[in-house]
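What you see is a predicted model, and the numbers here were worked out from it, not measured in a lab. Chain naming here is simple, since letters A, B, ... match the order of the sequence lines and numbering starts at 1 in each.
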Number of protein chains: 2
Amino acid sequence: MIQAHAVRLFVEHGYDGTTVNDVAEAAGVSPMTVYRHFPTKEDLVLVDQNGPLVADRIAATPAGQPLVRRIGSALVDSARTLTDGDDRFLLARLRLMISTPALRARHLDNHYVLQQAIVDGLGDEAVDPDAAFQAAAAASACLAAMHTALVRWAKDDGRTDLPDLIAKALAAAFGDDTPGTGGR
Amino acid sequence: MIQAHAVRLFVEHGYDGTTVNDVAEAAGVSPMTVYRHFPTKEDLVLVDQNGPLVADRIAATPAGQPLVRRIGSALVDSARTLTDGDDRFLLARLRLMISTPALRARHLDNHYVLQQAIVDGLGDEAVDPDAAFQAAAAASACLAAMHTALVRWAKDDGRTDLPDLIAKALAAAFGDDTPGTGGR
DNA sequence: CCCTTATTGTTAGTAACTACCAGTGCGGTA
DNA sequence: TACCGCACTGGTAGTTACTAACAATAAGGG
């Protein structure tokens, strides 16, 4: 609930134009309570709980395929389930993340954490440091391509299909043999 | 000079354990002077002027090759000239960027800016929005792979060859047909 | 010698965030 | 009913990054 009030105020008056005290007042709680639930002001926008979603899907992909294919298909599938509900809140948050430098930076840093989860989810490759390095490179590249798709999706106001956009971005980066409807 | 004092103090006492006033005092200037030269505390570590370096190299690559190959070779070449001088200062800054969350986030956000420069440097593709999207996806993926190589390089204390690591990361993400000495 | 300009310093303020302590409701135990 | 932890919330005071507005100093050019 606090997050809903925060995003609404951020959209109305801008991220920098809204203080944490404003959020607390709008939500009817004290500033201390806000800080307890969201350690930083940025977390009011960034908090999201679909991290393990992707990692679980990674582990479910067949191990024989190339890394970028396994990761890419997991990202496309995750995006599909993510955009099932109401896109409006997700879009509002995403637009804030893209337009506000501080949020954009933290959002990209969260990718860094997600990358570690993906590498761990890939499983047995992690024992060999060289294989782990290759997995990290592939994962970071896939996440970056996905982020490009997210930016495009926000620019289109969510009218285009997000999984399709991600598949297209992956195809542009890694070649047309990537999965998804946009690979053609 | 202010930056040199800042990095030294950050390494000695930690980033969060050093105030901007400490940096100002060590450099023999007032805190205001520090803020005038470095808009944020993070810039004391992040300020770097090799952005146009990469963009210029992009424009110099042959236009016939695939996007990731053009971008990748430019990144490898840029890294080669970058690691010519004294690696120690670069390594210290890089280690701070990786270990400090705030710096890591801002560093990744700088990649976002560099990505735009690369897309612009690619030239005529930018007119078609679909081509620009593909270029952005390829550029972001290449930069992410390079970042993975940077992390590995810092973990090895700069002992391994950075251009070689970048080439290996690109090869892991995009296949073995990427340029550089580490392609095999 | 005076004027312009660039750089630096000083002061006062805002806002994010923290440490520390206090109050409130709530289920379990005697 | 009285007592006791326990999770959540609130208040206070402080630190720190950062900004705005104005003064001072120093260099160069007429």
Side-chain angles (χ1 to χ4, degrees), chain A residues 1-49 92-110 112-113, chain B residues 1-49 92-110 112-113:
Chain A
M1 175 217 340
I2 294 177
Q3 191 185 36
H5 279 284
V7 171
R8 179 177 57 79
L9 288 178
F10 290 160
V11 170
E12 288 177 11
H13 308 112
Y15 180 78
D16 292 325
T18 308
T19 71
V20 179
N21 285 33
D22 295 339
V23 175
E25 194 175 354
V29 296
S30 86
M32 277 305 304
T33 304
V34 176
Y35 281 119
R36 256 186 268 268
H37 288 272
F38 302 89
T40 72
K41 184 183 178 184
E42 295 148 6
D43 287 314
L44 283 167
V45 179
L46 294 169
V47 157
D48 203 358
Q49 55 272 25
R93 286 176 48 224
L94 192 55
R95 259 194 290 263
L96 283 171
M97 292 184 211
I98 293 168
S99 59
T100 309
L103 293 176
R104 193 175 52 209
R106 278 278 321 259
H107 178 57
L108 291 169
D109 190 49
N110 285 354
Y112 194 76
V113 176
Chain B
M1 172 217 343
I2 293 176
Q3 192 186 35
H5 279 285
V7 171
R8 179 178 56 80
L9 288 178
F10 291 160
V11 169
E12 288 178 10
H13 308 112
Y15 179 77
D16 292 323
T18 308
T19 70
V20 178
N21 285 34
D22 294 340
V23 174
E25 194 175 354
V29 297
S30 87
M32 272 309 301
T33 304
V34 176
Y35 281 119
R36 256 186 270 265
H37 289 272
F38 302 90
T40 72
K41 184 183 177 185
E42 295 148 6
D43 287 315
L44 283 167
V45 179
L46 294 169
V47 157
D48 203 356
Q49 55 273 25
R93 286 176 47 223
L94 191 55
R95 259 194 291 261
L96 282 171
M97 292 183 213
I98 293 169
S99 59
T100 310
L103 293 176
R104 193 174 53 208
R106 277 279 320 260
H107 177 57
L108 291 170
D109 190 49
N110 284 356
Y112 194 74
V113 176

Would A:His37 and A:Gln3 count as a side chain to side chain contact (heavy atoms under 4.5 Å, CB included) here? Give the steps.
CA-CA 10 Å; A:His37 288 272; A:Gln3 191 185 36; over 6 Å; no

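For the residue pair B:Val7 and B:Arg93, the shortest heavy atom distance occurs at CG2-CG, 3.9 Å. Taking both residues in full, the closest heavy atoms of A:Ala26 and A:Arg8 are given as CB-NH2, 4.1 Å, listed atom of the first, atom of the second, then distance.
If you walk DNA chain D from 5' to 3' and mark each nucleotide with an atom closer than 4.0 Å to a heavy atom of chain B, the marks span D:dT16 to D:dA20. Nucleotides of DNA chain C lying under 4.0 Å from heavy atoms of chain A occupy a range whose first and last members, 5' to 3', are C:dA16 to C:dA19.
Residues meeting the side chain to side chain contact (heavy atoms under 4.5 Å, CB included) test with B:Asp16, sequence neighbours left out: none. With sequence neighbours excluded, the residues that form a side chain to side chain donor-acceptor pair (under 3.5 Å) with A:Glu42 are A:Arg106.
Taking NE2 from A:His107 and CG from B:Asp109, the interatomic distance works out to 11.0 Å, rounded to the nearest 0.5 Å. Between the CG atom in A:Leu44 and the OH atom in A:Tyr35 there is a gap of 9.0 Å [rounded to 0.5 Å].
Using a 4.0 Å cut-off on heavy atoms, the residues of residues 24-43 of chain B that approach DNA chain C are B:Val29, B:Ser30, B:Met32, B:Thr33, B:Arg36, B:His37, listed by number. If you check residues 13-22 of chain A against DNA chain C, the residues with a heavy atom closer than 4.0 Å are A:Thr18, A:Thr19, A:Val20, listed by number.
For the pair A:Val23 and A:Phe10, the minimum side-chain heavy-atom distance is below 4.5 Å. The shortest distance between side-chain heavy atoms of B:Leu46 and B:Thr40 does not fall below 4.5 Å. At least one side-chain heavy atom of B:Leu9 sits less than 4.5 Å from a side-chain heavy atom of B:His13. You'll find the side chain of A:Val34 stays beyond 4.5 Å of the side chain of A:Pro31, heavy atoms only.
Of the possible polar contacts, one joining the A:Arg104 side chain to the A:Ile98 backbone as a donor-acceptor pair under 3.5 Å is found.
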